[in-house]
Chemist: 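What follows is a single structure, and I will ask about it in a moment.
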Amino acid sequence: MKRVKEYAYGFDINEELTIYSRIGEEKSPYQNYCEWHGYVCKKYGGGKYAESTLKNFVHYLKREKNIVVGNKEIWSGCTIPILTVFIAIIYTLVFSVINVINTYNSVISTMVNDEFMHYSGYNAEIIYEALEENLYSGMKFYAFGAIIMSLAVLQFLYTVSFKIRDNNLKKELYSDYITIVQEIIEEQKSGKAETA
């Protein structure tokens with residue numbers, strides 16, 4: 001038998017987040033905020049929960065909202081330092097490609113002197129081929145590293161933007177839920193006051 005997971009106060013954040021994020025979409029059960037507000041009121045209002053339970057639920061929602069806000073600040077705070085490291089590595093790799101080219105050019109310019117080559121006993125063609133091979137392998141290595149780091153930066157930015165957007169949505173959901181549940185508590189208080 002499969003065990004059903006129970007959620008505090010009947011509040012499943014994943015399900016509620018899906019509902020909340022789809023408000024106003026064509027196939028959404030709630031075409032606007034007021035319809036969604038009615039759904040939450042129906043779910044928690046009408047005396048289904050005692051006032052003390054609803055107050056505890058509000059505190060639970062506030063705690064979860066604070067956790068989300070903290071997570072958002074962590075993601076926001078770590079973005080700039082990590083991007084700085086990534087960009088520094090990319091610049092290092094790009095300038096390494098330039099350095100390989102400059103080294104090649106300076107060596108070639110010193111070896112242009114045919115007299116030097118003749119007296120030193122080296123074959124100019126063999127040396128040129130070795131230098132070109134060194135040039136191309138160095139350029140490929142550093143260019144490949146720069147491309148990989150650029151892809152890592154893009155993946156990191158995508159992940160961070162997704163996490164921040166997700167945390168913003170959760171924060172808004174918790175804020176709206178807190179407001180609605182507090183309204184339900186006030187309605188229950190005023191209903192008790194009228195009957196007394």
Side-chain angles (χ1 to χ4, degrees), residues 2-45 54-101 138-185:
K2 193 173 183 180
R3 185 174 175 194
V4 178
K5 185 174 181 180
E6 289 189 34
Y7 297 97
Y9 309 101
F11 182 81
D12 176 4
I13 182 61
N14 295 323
E15 180 182 328
E16 295 297 330
L17 200 58
T18 301
I19 293 169
Y20 189 76
S21 66
R22 295 186 62 215
I23 293 174
E25 290 181 2
E26 189 176 320
K27 295 183 179 181
S28 173
Y30 310 106
Q31 294 302 307
N32 55 47
Y33 177 82
C34 292
E35 289 179 9
W36 176 79
H37 185 280
Y39 153 75
V40 176
C41 287
K42 184 177 178 184
K43 186 173 180 179
Y44 292 99
L54 291 175
K55 285 181 179 179
N56 287 330
F57 183 41
V58 168
H59 287 289
Y60 165 80
L61 292 170
K62 286 179 180 179
R63 184 192 74 206
E64 294 299 311
K65 179 182 171 186
N66 289 336
I67 291 170
V68 166
V69 169
N71 288 341
K72 179 185 170 199
E73 289 173 2
I74 289 170
W75 279 105
S76 297
C78 77
T79 301
I80 298 299
I82 291 175
L83 277 179
T84 303
V85 170
F86 279 146
I87 290 171
I89 292 170
I90 291 171
Y91 277 139
T92 302
L93 292 169
V94 168
F95 285 121
S96 295
V97 170
I98 294 169
N99 189 31
V100 167
I101 294 170
M139 285 177 59
K140 287 177 187 175
F141 174 78
Y142 292 121
F144 180 73
I147 290 168
I148 293 297
M149 287 307 297
S150 298
L151 292 174
V153 166
L154 292 175
Q155 179 62 38
F156 176 74
L157 287 174
Y158 173 77
T159 301
V160 167
S161 65
F162 177 78
K163 290 288 188 183
I164 290 173
R165 183 181 58 84
D166 187 50
N167 284 332
N168 282 339
L169 188 63
K170 283 182 181 176
K171 179 184 166 221
E172 292 303 317
L173 172 70
Y174 285 127
S175 296
D176 287 342
Y177 244 93
I178 289 167
T179 302
I180 295 168
V181 173
Q182 286 175 334
E183 288 172 6
I184 293 169
I185 292 170

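Index from 1, following the sequence. Because the structure is predicted, anything quoted here is derived from the model rather than measured.
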Chemist: What closest approach, in Å, do L54 and V181 show between heavy atoms, and which atom pair accounts for it?
Modeler: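 What the structure gives for the nearest pair is O-CG1, 3.8 Å.
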
Chemist: Could you go through the side chain to side chain contact (heavy atoms under 4.5 Å, CB included) check for V69 and K171 one step at a time?
Modeler: CA-CA 7 Å; V69 169; K171 179 184 166 221; 3.9 Å; yes

Chemist: Consider side-chain contact (heavy atoms from CB on, under 4.5 Å). Of I87, I82, I80, which one does T84 pass it with?
Modeler: I80

Chemist: Suppose we screen for salt bridge (Lys or Arg N to Asp or Glu O under 4.0 Å). Which residues come up paired with D176, at least two apart in sequence or across chains?
Modeler: none

Chemist: After noting the C-alpha distance and the side-chain angles of L83 and V160, does the key distance pass the side chain to side chain contact (heavy atoms under 4.5 Å, CB included) rule?
Modeler: CA-CA 11 Å; L83 277 179; V160 167; over 6 Å; no

Chemist: Is there a side-chain contact between K62 and V58, using heavy atoms and a 4.5 Å cut-off?
Modeler: yes

Chemist: Start with the C-alpha gap between F86 and Y91, add the side-chain angles, then the distance that decides, and say whether side chain to side chain contact (heavy atoms under 4.5 Å, CB included) holds.
Modeler: CA-CA 9 Å; F86 279 146; Y91 277 139; over 6 Å; no

Chemist: Minimum heavy-atom separation for A146 and I90, please, with both atom names.
Modeler: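 Distance-wise, the nearest heavy atoms are O-CG1, 4.4 Å.
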
Chemist: Examine Y20 together with Y177 and report whether their ring centres are nearer than 6.0 Å.
Modeler: no

Chemist: Taking all heavy atoms of Y33 and all of I23, pick out the closest pair and write down the distance.
Modeler: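 Minimum heavy-atom separation between Y33 and I23: N-CG2, 3.9 Å.
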
Chemist: Does any part of the side chain of I180, heavy atoms only, come nearer than 4.5 Å to the side chain of W36, both counted from C-beta?
Modeler: yes

Chemist: If you define the side chain from C-beta out and look only at heavy atoms, does anything of I148 sit under 4.5 Å from F144?
Modeler: yes

Chemist: With sequence neighbours excluded, what pairs up with Y174 under the side chain to side chain donor-acceptor pair (under 3.5 Å) test?
Modeler: none

Chemist: Mind running side chain to side chain contact (heavy atoms under 4.5 Å, CB included) on T179 and E183 for me, showing each step along the way?
Modeler: CA-CA 6 Å; T179 302; E183 288 172 6; 3.8 Å; yes

Chemist: What are the two closest heavy atoms between E35 and N32, and how far apart are they?
Modeler: N-OD1, 2.8 Å

Chemist: Taking all atoms of both residues into account, what is the closest heavy-atom pair of G10 and K43, and its distance?
Modeler: O-NZ, 3.1 Å

Chemist: Looking only at heavy atoms, what is the nearest atom pair of Q31 and E25, with distance?
Modeler: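 Smallest interatomic distance, heavy atoms only, reads NE2-O, 3.1 Å.
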
